[in-house]
Enquirer: 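Pasting a structure here, questions to come.
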Amino acid sequence: MAALYRYISKDSPQNANVVIDEIIAAMDKTLKHPECYNPDKYKKENNGTYRAFEIHRYRIVYRFHKNVIRVLRVRHTSMEPKKY
């Protein structure tokens with residue numbers, strides 16, 4: 001997240017704050033409802049624990065397993081997605 005903030009803030013510190021705040025708010029939503037976002041369509045043999053959503057053209061992938069939420073990847077949507 002720090003690298004994302006630094007990258008966006010080169011052009012606009014204000015926009016960097018907005019994007020980071022909205023990503024954090026979206027992740028906070030997962031604390032109450034971990035399955036609120038769709039399963040990750042790029043995860044092979046996804047058992048439903050890998051989830052993803054997009055916000056401000058950034059794709060956030062996380063895993064919910066045994067009451068633990070772990071952010072795995074934050075990528076710009078213009079980048080080629082990794083299938084894993």
Side-chain angles (χ1 to χ4, degrees):
M1 293 287 279
L4 176 61
Y5 178 84
R6 285 191 301 273
Y7 178 77
I8 297 171
S9 66
K10 288 178 186 176
D11 293 329
S12 172
Q14 181 180 358
N15 285 346
N17 286 328
V18 169
V19 170
I20 296 300
D21 288 347
E22 290 187 18
I23 290 173
I24 290 171
M27 286 309 302
D28 283 345
K29 180 179 173 182
T30 65
L31 295 175
K32 293 180 182 171
H33 307 287
E35 296 177 341
C36 63
Y37 298 109
N38 292 328
D40 185 1
K41 63 185 176 186
Y42 296 111
K43 173 69 175 143
K44 294 177 184 176
E45 299 179 24
N46 187 353
N47 62 3
T49 62
Y50 293 86
R51 306 244 163 197
F53 63 93
E54 293 180 10
I55 189 165
H56 289 285
R57 298 195 64 200
Y58 288 93
R59 187 168 193 276
I60 293 84
V61 178
Y62 68 96
R63 184 174 189 210
F64 172 69
H65 184 67
K66 296 184 181 179
N67 295 324
V68 175
I69 296 173
R70 179 173 292 159
V71 176
L72 303 174
R73 183 175 290 129
V74 178
R75 296 172 59 98
H76 195 274
T77 57
S78 66
M79 297 175 72
E80 196 65 32
K82 289 185 178 181
K83 293 188 179 189
Y84 58 103

Enquirer: Out of curiosity, Thr77 OG1 to Arg57 CZ, how far, rounded to the nearest 0.5 Å?
Expert: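 Between atom OG1 of Thr77 and atom CZ of Arg57 there are 4.0 Å.
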
Enquirer: Starting at CG of Leu4, measure out to CD1 of Ile20 and round the result to the nearest 0.5 Å.
Expert: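 Those atoms lie 4.0 Å apart.
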
Enquirer: Measure the shortest side-chain to side-chain distance between Tyr50 and Leu72 over non-hydrogen atoms and say whether it is less than 4.5 angstrom.
Expert: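 Tyr50 reaches Leu72 side chain to side chain.
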
Enquirer: With side-chain contact (heavy atoms from CB on, under 4.5 Å) as the test, would you mind laying out the steps for Asn17 and Tyr5 before giving the verdict?
Expert: CA-CA 7 Å; Asn17 286 328; Tyr5 178 84; 3.2 Å; yes

Enquirer: Any non-hydrogen side-chain atom of Asp40 less than 4.5 Å from a side-chain atom of Tyr62?
Expert: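 Heavy-atom side-chain distance check fails, nothing below 4.5 Å.
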
Enquirer: Would a 4.5 Å heavy-atom cut-off, applied to side chains only, mark Met1 and Val71 as touching?
Expert: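 Not touching, per the 4.5 Å side-chain cut-off.
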
Enquirer: When you compare the side chain of Ile69 with that of Met27, does any pair of heavy atoms fall below 4.5 Å?
Expert: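 Contact flag for Met27/Ile69 side chains = yes.
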
Enquirer: Under the 3.5 angstrom rule, does the side chain of Tyr37 hit a backbone N or O of Thr30 as a donor-acceptor pair?
Expert: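 Absent.
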
Enquirer: Just how far is it from atom CZ of Arg70 to atom CZ of Phe64, taken to the nearest 0.5 Å?
Expert: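 If we round to the nearest 0.5 Å, Arg70:CZ and Phe64:CZ are 13.0 Å apart.
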
Enquirer: Assess the side chains of Arg63 and Thr49: does a donor N or O sit below 3.5 Å from an acceptor N or O?
Expert: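 Their side chains do contain a donor-acceptor pair, which is all the 3.5 Å distance test asks for.
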
Enquirer: Counting only heavy atoms from other residues, nucleotides and ligands, does the tally under 6.0 Å from OH of Tyr7 exceed 12?
Expert: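 Open: at most 12 neighbouring heavy atoms sit under 6.0 Å from OH of Tyr7.
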
Enquirer: How close do Arg51 and Glu35 get, counting heavy atoms only, and between which atoms?
Expert: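 Nearest heavy atoms, Arg51 then Glu35: NH1-O, 3.5 Å.
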
Enquirer: Answer with yes or no whether the hydrophobic clustering places Leu31 together with Ile55; edges join I, L, V, M, F, W, Y residues whose side-chain heavy atoms lie under 4.5 Å apart.
Expert: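 Yes, it is one cluster - the side chains of Leu31 and Ile55 are joined through contacts under 4.5 Å.
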
Enquirer: Has His56 got a side-chain atom pairing as donor or acceptor with Tyr58's backbone, closer than 3.5 angstrom?
Expert: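 It does not hold such a pair.
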
Enquirer: What heavy-atom pair brings Val61 and Ala52 nearest, and what distance separates the two atoms?
Expert: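 Heavy-atom minimum between the residues: CG2-CB, 4.1 Å.
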
Enquirer: Identify the two heavy atoms, one from Ser9 and one from Arg6, that lie closest to each other, and give their separation to 0.1 Å.
Expert: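 Heavy atoms of Ser9 and Arg6 come nearest at OG-O, 3.1 Å.
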
